[in-house]
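Since the structure is predicted, the reported quantities are computational estimates derived from the model, not experimental observations. Here is how names work: the chains are called A, B, and so on, in the same order as the sequence lines, proteins then strands, and each is numbered from 1.
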Number of protein chains: 2
Amino acid sequence: MPTEPLDATFAALADPTRRAILARLAAGEATVTELAAPFRMSQPAISKHLKVLERAGLVSRGRDAQRRPCRLQARPLRDAVAWLADYRDYWAESYQRLDALLDDLQTGGGPDDADPGPSAGQDGATPRSPDGRPG
Amino acid sequence: MPTEPLDATFAALADPTRRAILARLAAGEATVTELAAPFRMSQPAISKHLKVLERAGLVSRGRDAQRRPCRLQARPLRDAVAWLADYRDYWAESYQRLDALLDDLQTGGGPDDADPGPSAGQDGATPRSPDGRPG
DNA sequence: GGGTTACATAACCTTCTGGTTATCAAACCA
DNA sequence: TGGTTTGATAACCAGAAGGTTATGTAACCC
């Protein structure tokens with residue numbers, strides 16, 4: 001059980017079943033059985049995956065009689081992107097496609113500033129010694 | 001050992017030591033001993049972490065006499081962001097800060113289109129059944 | 001050639017992961 | 001009241017992750 005938020009987020013995303021669950025939840029709330037349906041996997045297995053997602057803060061749950069509807073909670077995803085954003089200079093390799101991607105990401109905003117540079121914040125990581133952010 | 005690229009990428013990022021290593025490499029090439037120095041951890045442990053990063057395609061290695069300099073290879077990070085990008089609608093929670101983040105990400109481009117919608121591509125995941133992308 | 005530096009590999013251990021089946025609890029339905 | 005859904009939990013298991021120490025190997029330096 002990773003204690004740091006980023007650990008938990010990335011670990012949660014590292015499993016294809018969980019990514020698929022998130023994808024499903026992006027289409028709207030769903031119950032456990034609904035989520036479990038597409039998988040050749042037992043219901044308890046899905047419950048476990050949901051618990052991982054919940055502990056990572058990626059999923060929140062409501063109550064509707066016997067049902068426990070799951071809802072996507074994407075803030076940790078944003079934090080993950082924020083971490084990854086510090087590496088944007090190293091994506092330069094193919095800036096064409098990167099620009100396309102970022103245009104897509106931009107959802108229609110109109111920026112006019114130029115590269116303020118990394119925030120030099122804390123990773124929150126502290127593995128056994130250093131923090132971790134690019135310079 | 002996760003077989004799917006995204007699995008490997010996210011799994012690699014889930015460890016704080018490895019994130020710190022990537023952060024260090026963002027400052028430039030480094031040898032194994034240089035990378036190991038800041039950690040209270042044995043050299044073989046670092047070698048293992050490097051192997052994980054290498055298999056995830058996040059690090060490539062050269063040769064300089066006895067040394068095996070490591071170089072950051074950030075393309076998988078871009079792919080990870082591409083996956084996360086499909087969830088941008090769900091970051092809406094605090095669009096203020098999101099916009100700031102994306103402006104930062106944008107490194108200075110000037111888009112003028114509005115929300116083309118998810119690419120509906122393949123996750124490549126195929127856990128035990130469905131793929132995974134939001135709608 | 002012989003020692004040293006830089007790194008990889010092997011063998012081992014412990015803990016976490018991801019799955020299973022079996023069972024239990026709560027709220028519905030008749 | 002009793003049965004059915006919906007879901008969580010427990011107990012178990014195999015294999016992967018992350019660490020260790022010990023050892024091997026390649027290239028340098030004298």
(message) Looking at A:Arg68, I'd like to know whether one of its side-chain N or O atoms comes within less than 4.0 Å of OP1 or OP2 on D:dT5.
(response) no
(request) Give a yes/no answer on whether the side chain of A:Thr31 brings an N or O atom under 4.0 Å of OP1 or OP2 in D:dT6. (result) no
(message) Parallel, tilted or perpendicular, judged at 30° and 60°: which one describes the rings of A:Trp83 and A:Phe10?
(response) perpendicular
(request) Using five pairs at either end of the helix from C:dG1-D:dC30 to C:dA30-D:dT1, determine the angle between the two local helix axes and round it to 10 degrees. (result) 10°
(request) Measure from CD on A:Glu34 to P on D:dG7 and round the result to the nearest Å. (result) 8 Å
(message) It should be established whether B:Lys51 places a side-chain nitrogen or oxygen under 4.0 Å from OP1 or OP2 of nucleotide C:dT9.
(response) yes
(message) Using the side-chain heavy atoms of B:Ala45, tell me which of these nucleotides is nearest: D:dG19, D:dA8, C:dC7.
(response) D:dG19
(request) Tell me whether the OP1 or OP2 atom of D:dG7 has a side-chain N or O from A:Ser47 closer than 4.0 Å. (result) no
(message) For the backbone of A:Ile21 and the side chain of A:Arg19, can you confirm whether one donor and one acceptor N or O come within less than 3.5 Å of each other?
(response) no
(message) Please pick, from C:dT20, D:dG18, D:dT6, the nucleotide with the shortest atom-to-atom distance to any side-chain atom of A:Thr33.
(response) D:dT6
(request) Between A:Lys48 and A:Pro69, just flag the one whose closest nucleotide in DNA chain D comes earlier from the 5' side. (result) A:Pro69
(request) Find the distance between OG (B:Ser60) and CG (B:Leu25) and round it off to the nearest 0.5 Å. (result) 9.0 Å
(request) To the nearest Å, give me how far apart NE2 (B:His49) and C1' (D:dG18) are. (result) 6 Å
(request) Take nucleotides 22-30 of chain C nucleotide by nucleotide from the 5' end and write B, S or -, depending on whether a protein heavy atom sits under 4.0 Å from the base, only from the sugar-phosphate, or from neither. (result) B----BS--
